[in-house]
Q: 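What follows is a structure written as structure tokens; I'll ask about it next.
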Amino acid sequence: MALHFYLIFLIFLFPLRNNAQGGPPSPGYYPSSRIGSIGFNQGYRNLWGPQHQRVDQGALTIWLDRSSGSGFKSLNPYSSGYFGAAIKLQSGYTAGVITSLYLSNNEAHPGNHDEIDIEFLGTTVGKPYVLQTNVYVRGSGDGNIIGREMQIHLWFDPTKDFHNYAILWNPTEIIFFVDDVPIRRYARKSDATFPLRPMWVYGSIWDASTWATENGKYKADYNHQPFYGRYNNFKISGCNANGRSACRPATGSPTGSTGLSRQQYAAMAWVQRNYQFYDYCRDSQRDHRLTPEC
């Protein structure tokens, strides 16, 4: 999982640059509608904290309290694909708590792993959640961290209802979606800066008090326990890394080509213009020799 990085306090030092009314413009294409939903047990299993996990009619609830959090893992590894779920976050005081959906091969390559993250950073009462996306490549998330974080607020309250979040990963790009609106595209500019080895799909809820909320200023307060993460509408459409048959990698555009349509790019630009407040490539205090893709 993503670890501490020093500029997360910018979330609260600078006001959100949002003059937008309503939601984003239509992306014109809805990749989630092309993929059928599965129940939790059809694609996943518990990884840790089984006593903090409940499955009901294919939907999953996991929770964190003083004794433990919980995590889950896909049954299969994938070499590419579309991976999503509808998630509802807990309201109220959730500082220090991370709820996540991500791809990783940490168990297969400890100390030298790849990872693609969607993480919801908990918050204090009256302040919005932060959605952080991140990419680690061949150990850049191990030891001396080289994160590729981007952070946004959402144009809706993620505690009121379920919303769909997804990662599309193929040999040329990674695209992050919220309700089918692309919020970030990370292109493969070199093999050294792009994850290419098979990964599993994970999700978890855990205590990241050392860094998650205002650079660790606010910790998880277990007077508010338990902290819940609710998942349903799981979607997996990927190339099984253990499969023998040929598999066409997923794409995020209506034409099936690399990149996005003009309408999708316009929707993504709207999100980034109005709701994005941190981009590692624009961070002047970062050593960009370590992130040449910028």
Q: Check the hydrophobic clustering (I, L, V, M, F, W, Y; side-chain heavy atoms under 4.5 Å; chains of links allowed) and say if Leu103 and Ile146 are grouped together.
A: no

Q: If hydrophobic clusters are built from ILVMFWY residues whose side chains come within less than 4.5 Å, do Tyr78 and Leu168 share one?
A: no

Q: Please work out whether the ring planes of Phe194 and Tyr186 are parallel, tilted or perpendicular, with thresholds of 30° and 60°.
A: parallel

Q: Parallel under 30°, tilted from 30 to 60°, perpendicular over 60°: which one fits the rings of Phe156 and Tyr165?
A: tilted

Q: Measuring from atom CD1 of Ile175 to atom OG1 of Thr133, what distance do you get when rounded to the nearest 0.5 angstrom?
A: 12.5 Å

Q: On a heavy-atom basis, which atom in Arg184 and which in Asn134 lie closest, and how many Å separate them?
A: NH1-N, 3.7 Å

Q: Can you give me the closest heavy-atom contact between Gly43 and Ile236, atom names plus distance?
A: O-CD1, 4.3 Å

Q: Measuring only between side-chain heavy atoms, which start at C-beta, is Asn46 closer than 4.5 Å to Ser70?
A: yes

Q: Take Ser253 and Thr251 through the side-chain hydrogen bond (donor to acceptor under 3.5 Å, both in side chains) test and state the conclusion after the steps.
A: CA-CA 6 Å; Ser253 73; Thr251 65; 4.6 Å; no

Q: Where do Phe40 and Gln53 come nearest, in terms of heavy atoms and distance?
A: CE2-NE2, 3.6 Å

Q: For the pair Asn164 and Asn233, evaluate side-chain hydrogen bond (donor to acceptor under 3.5 Å, both in side chains) and give the outcome as yes or no after the intermediate values.
A: CA-CA 8 Å; Asn164 295 309; Asn233 199 30; 3.2 Å; yes

Q: At their closest point, which heavy atom of Thr159 faces which heavy atom of Gln90, and how far apart are they?
A: CG2-O, 3.4 Å

Q: Does Arg230 make a cation-pi contact with Tyr228 (under 6.0 Å, within 45 degrees of the axis)?
A: yes

Q: Given the rule in the side chain to side chain contact (heavy atoms under 4.5 Å, CB included) test, do Val130 and Phe277 qualify, once you have shown the distances and angles that lead to the verdict?
A: CA-CA 10 Å; Val130 172; Phe277 58 88; 3.9 Å; yes

Q: Under a 3.5 Å threshold, yes or no: a donor from one side chain and an acceptor from the other, between Tyr136 and Asp114?
A: no

Q: Side chains of His113 and Glu115: closer than 4.5 Å at any heavy-atom pair?
A: yes

Q: Starting at CD1 of Ile174, measure out to CD1 of Ile116 and round the result to the nearest 0.5 Å.
A: 3.5 Å

Q: Yes or no on side-chain hydrogen bond (donor to acceptor under 3.5 Å, both in side chains) for Ser74 and Asn76, after CA distance, side-chain angles and deciding distance?
A: CA-CA 5 Å; Ser74 62; Asn76 298 303; over 6 Å; no

Q: Give a yes or no on whether Leu47 and Trp63 share a hydrophobic cluster (residues Ile, Leu, Val, Met, Phe, Trp, Tyr; joining criterion: side-chain heavy atoms under 4.5 Å apart).
A: no

Q: Check whether any side-chain heavy atom of Pro182 lies under 4.5 Å from a side-chain heavy atom of Gln264, and answer yes or no.
A: yes

Q: About how many Å separate OG1 of Thr99 and CD of Glu119, when rounded to the nearest 0.5 Å?
A: 10.0 Å

Q: Would you call the rings of Trp155 and Trp270 parallel, tilted or perpendicular, where under 30° means parallel and over 60° means perpendicular?
A: perpendicular

Q: Measure across Pro24 and Val181 and return the closest heavy-atom pair with its distance rounded to 0.1 Å.
A: CG-CG2, 3.8 Å

Q: Please state whether the rings of Tyr231 and Phe72 are parallel, tilted or perpendicular, taking 30° and 60° as the class boundaries.
A: perpendicular

Q: For Thr213 and Leu121, what are the C-alpha separation, side-chain angles and deciding distance, and is it a side chain to side chain contact (heavy atoms under 4.5 Å, CB included)?
A: CA-CA 7 Å; Thr213 306; Leu121 311 187; 5.5 Å; no

Q: Kindly indicate whether the side chain of Ser68, heavy atoms from C-beta on, has any atom under 4.5 Å from the side chain of Trp48.
A: yes

Q: What's the verdict on ring-ring contact (aromatic ring centres under 6.0 Å, His included) for Tyr93 and His224, showing C-alpha distance, side-chain angles and the deciding distance?
A: CA-CA 7 Å; Tyr93 186 99; His224 299 277; 5.0 Å; yes

Q: Is it the case that the side chains of Ser104 and Asn106 hold a donor-acceptor pair, with the cut-off being a distance below 3.5 Å and no angle test?
A: no

Q: So, do Thr193 and Thr291 sit near enough that their side-chain heavy atoms are less than 4.5 Å apart?
A: no

Q: Are Ile167 and Val271 connected into the same hydrophobic cluster when the rule is that any two of I, L, V, M, F, W, Y join if their side-chain heavy atoms are below 4.5 Å apart?
A: yes

Q: Going through the checks in order, is the side-chain hydrogen bond (donor to acceptor under 3.5 Å, both in side chains) test met by Asp65 and Tyr222?
A: CA-CA 7 Å; Asp65 62 22; Tyr222 290 101; over 6 Å; no

Q: Any ion pair linking Arg286 and Glu149 (charged N to carboxylate O, less than 4.0 Å)?
A: yes

Q: Rounded to the nearest 0.5 Å, what separation is found between the OG atom of Ser32 and the NZ atom of Lys235?
A: 5.5 Å

Q: Would you compute the distance between atom CZ of Phe83 and atom CZ of Phe234 and round it to the nearest 0.5 angstrom?
A: 14.0 Å

Q: Which heavy-atom pair separates Asn232 from Ala59 by the least distance, and what is that distance?
A: CB-CB, 3.8 Å

Q: Count the heavy atoms belonging to other residues, nucleotides or ligands that lie under 6.0 Å from CZ of Arg34, then report whether that count exceeds 12.
A: no

Q: Side chains of Tyr202 and Glu107 only: does a donor on one sit below 3.5 Å from an acceptor on the other?
A: yes

Q: Quick one: NZ on Lys88 to CZ on Phe162, what's the gap to the nearest 0.5 Å?
A: 6.0 Å

Q: For the residue pair Arg197 and Asn112, establish whether any side-chain heavy-atom pair is separated by less than 4.5 Å.
A: yes

Q: Assess the residue pair Leu75 and Tyr44 against the criterion (side chain to side chain contact (heavy atoms under 4.5 Å, CB included)); give the C-alpha distance rounded to whole Å, side-chain angles, the decisive distance to 0.1 Å, and a yes or no.
A: CA-CA 5 Å; Leu75 299 177; Tyr44 295 93; 5.6 Å; no

Q: Would you call the rings of Phe177 and Tyr82 parallel, tilted or perpendicular, where under 30° means parallel and over 60° means perpendicular?
A: tilted

Q: Answer with yes or no whether the side chains of Asp179 and His163 bring together a donor and an acceptor at under 3.5 Å.
A: yes

Q: Do Leu154 and Leu131 have side chains that get closer than 4.5 Å, going by heavy atoms?
A: yes

Q: Going by an N to O cut-off under 4.0 Å, is there a salt bridge joining Glu173 and Lys189?
A: no

Q: Do you reckon Phe176 sits in the same ILVMFWY cluster as Trp169, going by side-chain contacts under 4.5 Å, direct or chained?
A: yes

Q: What class does the angle between the rings of Tyr129 and Phe120 fall in, given that below 30° is parallel, 30 to 60° is tilted and above 60° is perpendicular?
A: perpendicular

Q: Apply the test side chain to side chain contact (heavy atoms under 4.5 Å, CB included) to residues Arg185 and Thr258: give CA-CA distance (whole Å), side-chain angles for both, the deciding distance (0.1 Å), then the verdict.
A: CA-CA 11 Å; Arg185 178 175 180 265; Thr258 297; 3.4 Å; yes

Q: Would Glu293 and Arg188 pass as an ion pair if we require N to O under 4.0 Å?
A: no

Q: Just by distance, with hydrogens left out, do Ser204 and Ser100 show a side-chain donor and acceptor under 3.5 Å apart?
A: yes

Q: Do Arg148 and Ser140 touch side chain to side chain, with heavy atoms closer than 4.5 Å?
A: yes

Q: Does Gln225 reach the main-chain N or O of Arg66 with its side chain, forming a donor-acceptor pair under 3.5 Å?
A: yes

Q: Could you walk me through whether Glu214 and Lys127 pass salt bridge (charged side-chain N to carboxylate O under 4.0 Å, His left out), step by step?
A: CA-CA 11 Å; Glu214 295 192 53; Lys127 294 181 179 179; 3.1 Å; yes

